[in-house]
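Below is one structure, written out as structure tokens; the observations come after it.
We count ligands from 1, going down the list as the structure has it; atoms in each ligand are counted the same way.
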Amino acid sequence: MDDKPKSKDEIFKILDKYQQKDLFYSDGRILGSMCTESDAISKLAFNKFISSNLGDPGLFKGTKLIEDYTIKNIGSLLSIDNPYGHIVTGGTEANLMAMRAARNYARDYKNIDHAEVIVPKSSHFSFKKAEDIFNIKLINADMDNFKIDVNSLESKITENTIAIVAIAGTTELGLVDPIEEIADIAQKHDIFLHIDAAFGGFILPFLKESGYNFPHFDFSLEGVSSMTIDPHKMGLSTIPSGCILFRDKKYLEVMEVASPYLTKKSQSTIVGTRSGASAAATYAVMEYMGKEGYTKLALEAMEKTKVLKEGLLKIGYELVVEPELNIIAFNHPNIDTNSLAELLEEKNWSVSVSSYPKAIRIILMNHVTLDNINDFLNDLKIIANSV
Ligand code: 0PR
């Protein structure tokens with residue numbers, strides 16, 4: 001920092017220079033991101049509430065009402081009338097809260113000290129962070145075609161199992177675990193079941209209502225205890241906007257820490273000072289989109305997925321699995337995956353490479369247009385013809 005203040009113009013000239021190095025969603029070249037350009041109305045609402053702090057909700061009573069309303073609103077998408085939860089920074093924080101709640105509940109009510117959580121290999125790395133932070137042990141579920149193998153799930157349960165995690169829209173492949181069967185098992189053994197619908201939460205409900213054949217994956221299943229759902233992914237809200245929902249108040253209560261000098265005397269969130277702007281942005285975009293807007297978005301995403309899938313098959317690429325949501329993972333039989341990613345990078349496409357299984361992973365977010373997909377397929381064709 002200099003002694004003398006800089007002018008606003010000077011500062012923004014420098015910021016612009018930095019920003020020019022960024023990629024922009026609107027360029028249509030970001031093909032491996034679960035985030036997208038947030039809707040204009042969410043940006044306006046975010047700015048309006050940018051200094052409001054939900055960590056001290058007595059000072060921001062209006063913002064707290066917005067959070068409460070938004071939690072209820074998101075709950076209505078996931079078949080629960082009275083959820084308990086918070087707008088948080090994203091899927092990681094939401095998953096951390098779920099794991100902390102499950103651990104504390106088992107510790108306080110079941111005397112379990114050596115907590116084990118059964119997670120699929122397809123789960124997001126945020127659960128590894130939870131393992132480290134909360135001193136829980138992750139036990140891998142067996143997999144069947146990249147989903148949890150329900151038949152072997154019970155054999156993984158021990159007296160130390162505090163939770164099972166299942167995914168509605170896996171990070172790498174966009175697959176939905178057999179959550180109906182998993183919920184039955186969790187209920188039978190009285191084990192906390194967390195559903196990570198960070199990605200799927202804002203698309204599955206709309207596809208289901210439009211006739212897509214997905215199993216139940218949400219609180220409509222008695223066995224489901226908590227869910228992660230991210231407004232900053234398919235919800236078109238601003239970053240950072242995640243959401244954690246619990247079926248019961250007791251799961252927030254087991255995380256309560258006294259906050260004596262604040263306007264609210266206890267806190268269950270991990271974060272102290274926390275953004276009211278995310279709640280306002282999420283409120284705004286959800287009201288603005290309505291079910292109609294999200295349904296249109298979901299159906300368009302699936303249409304783009306179909307176009308990319310058919311295009312890929314036509315030019316000799318192979319899908320690693322039939323896509324269920326708007327994520328496609330593919331390879332070329334004669335090109336190594338990393339080399340293919342590099343060749344695409346040379347042509348200015350920003351793709352990601354999945355690890356399980358290794359493949360080029362494309363997420364058909366709102367900013368990816370049909371024109372972008374056609375250009376991408378043309379480049380893939382040129383690459384395929386050159387080997
Ligand atoms: N759960 C699932 C199923 C996820 O896919 C993710 C993130 C998380 C939890 C964690 O969410 P946060 O990143 O909000 O904490 N999935 C994306 C991924 O790892 C996140 C992402 C988004 C990464 C955009 C890159 C990117 O450009 O792929």
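Here's the thing with Gly91: one of its N/O atoms is less than 3.5 angstrom from an N/O atom of ligand 1.
Among all protein heavy atoms, the one lying closest to atom 20 (C) of ligand 1 is Lys233 CE, 4.2 Å. Scanning the protein heavy atoms around atom 15 (O) of ligand 1, the nearest turns out to be Thr92 OG1, 2.6 Å. Distance from atom 10 (C) of ligand 1 to its nearest protein heavy atom, with residue and atom name: His124 CE1, 3.3 Å. For atom 4 (C) of ligand 1, the nearest non-hydrogen atom of the protein is Thr171 OG1, 3.2 Å. Residue, atom and distance of the protein heavy atom nearest to atom 22 (C) of ligand 1 are Met34 N, 3.7 Å.
Close approach to Arg361 involves these atoms of ligand 1, each under 4.0 Å from a residue heavy atom: 28 (O). Taking a cut-off of under 4.0 Å to the non-hydrogen atoms of Asn95, the atoms of ligand 1 that pass are 1 (N), 9 (C). In the vicinity of His232, heavy-atom distances shorter than 4.0 Å reach the ligand 1 atoms 14 (O). In summary, the atoms of ligand 1 found under 4.0 Å from a heavy atom of Ala198, numbered by their order in the structure, are 1 (N), 2 (C), 9 (C).
Contact annotation: for Ser33 versus ligand 1, heavy atoms closer than 4.0 Å belong to both the backbone and the side chain. Under 4.0 angstrom from ligand 1, the non-hydrogen atoms of Asp230 all belong to its side chain. Only the side chain of Asp196 comes within contact range of ligand 1, with a heavy atom under 4.0 Å; no backbone atom does. When non-hydrogen atoms are compared, ligand 1 lies under 4.0 Å from neither the backbone nor the side chain of Thr228.
Both Leu204 and Val224 are assigned to one and the same hydrophobic cluster, defined by single-linkage of ILVMFWY side chains at heavy-atom distances under 4.5 Å. Cluster membership for Val176 and Tyr294, using ILVMFWY side-chain heavy atoms within less than 4.5 angstrom, is shared.
Ion pairing of Lys296 with Glu300 is present here, as a side-chain N (NZ or NE/NH1/NH2) and a carboxylate O approach within less than 4.0 Å.
Side chain to side chain, Asn372 and Thr369 meet the donor-acceptor criterion of an N or O pair below 3.5 Å. Side-chain contact check for Ser26 and Glu37: no donor-acceptor pair (N or O, by modelled atom type) lies under 3.5 Å. A donor-acceptor contact closer than 3.5 angstrom is absent between the side chains of His86 and Glu93.
Protein heavy atoms come within 4.0 Å of atom 17 (C) of ligand 1. Within the 4.0 Å cut-off (strictly below), no protein heavy atom is located near atom 25 (C) of ligand 1.
Classified by interplanar angle (parallel below 30°, tilted 30° to 60°, perpendicular above 60°), the ring pair Tyr251/Phe246 is tilted. Ring planes of Tyr25 and His367: tilted class, angle from 30 to 60°.
Here the side chain of Asn53 pairs a donor or acceptor atom with the backbone of Arg274 at under 3.5 angstrom.
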Between Glu131 and Lys128, does a salt bridge (Lys or Arg N to Asp or Glu O under 4.0 Å) hold up when you go through it step by step?
CA-CA 5 Å; Glu131 177 176 45; Lys128 295 235 166 67; over 6 Å; no
